[in-house]
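Since the structure comes first, as structure tokens, the remarks are kept for the end.
Whatever order the structure lists them in is the order used to number ligands and atoms, beginning at 1.
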Amino acid sequence: MNFVSIVMGSKSDYEIMKHCADTLEAFHVKYELIISSAHRSPERTKNYIKEAETKGAQVFIAAAGMAAHLAGALAATTTKPIVGVPMKGGAMDGMDAMLSTVQMPAGMPVATVALGRAGAVNAAYLAMQILAITDNELAVKLREDRIVKEKKVENDSRKIEVLI
Ligand code: RP5
């Protein structure tokens, strides 16, 4: 069974990452979600990635803040695609996590998304787009979602637009 795996470094990441899980649920995409830290529970993190991969995880989403090494730790353990979500907070309010997550050495990619809710939601979308390469039903749903978004722009504008 193919699914997406969401790993968060701390319970404190859940408030934002709930948006990631909710987005996958909205498309009826199966996912696992756990807390495991690159620093506080390195063995648990490593073991979980191996187990999840065996069970069918196709994409991993890693959310971490501060000295954010979780996405990199996942990349070290699997060749499945990794989406990194930097978390806000700490003295630099996420800039530290963003640079940590995005600056992977050549050959060890982590697809890093934005800080905050947009990043959490986009991590889900990116994971679904990867699944949709081989899942036509999901590809159709993602195209339909784009049409809904396009129509919303037009509808929102119609309510307030001023044209000459
Ligand atoms: C990171 O440190 C976590 O991912 C979290 O974003 C940050 C702070 O963790 P807590 O001290 O709130 O548990 O490892």
What is the minimum heavy-atom distance between [X] and [Y], and which atoms define it?
| X | Y | answer |
| --- | --- | --- |
| Y14 | M8 | CA-SD, 3.6 Å |
| F3 | A52 | CZ-O, 3.6 Å |
| M104 | A75 | CE-CB, 4.1 Å |
| A111 | L126 | CB-CD2, 3.9 Å |
| V121 | H19 | CG2-CB, 3.9 Å |

Protein contact of [atom] - nearest heavy atom, named by residue and atom, plus distance:
| atom | value |
| --- | --- |
| atom 3 (C) of ligand 1 | D13 OD2, 3.4 Å |
| atom 12 (O) of ligand 1 | S12 OG, 2.7 Å |
| atom 14 (O) of ligand 1 | G65 O, 4.1 Å |
| atom 11 (O) of ligand 1 | R40 NH2, 3.1 Å |
| atom 8 (C) of ligand 1 | M66 SD, 3.9 Å |
| atom 13 (O) of ligand 1 | S10 OG, 2.6 Å |

### Task
Tell me which part of M8 gets within contact of ligand 1: side chain, backbone, both or neither, using heavy atoms under 4.0 Å.
neither
### Task
Answer with side chain, backbone, both or neither: which part of A64 has a heavy atom less than 4.0 angstrom from an atom of ligand 1?
both
#### Entry: Sole candidate of T101, D13, D93, L70 that passes side chain to side chain contact (heavy atoms under 4.5 Å, CB included) when paired with M87
D13
### Query
Quick one: does H39 get an N or O within less than 3.5 Å of an N or O on ligand 1?
no
### Task
Would you check the N or O atoms of S37, main chain and side chain alike, for any that come under 3.5 Å of an N or O of ligand 1?
no
### Query
Is a salt bridge present between D145 and K141, judged by a nitrogen-to-oxygen distance below 4.0 Å?
no
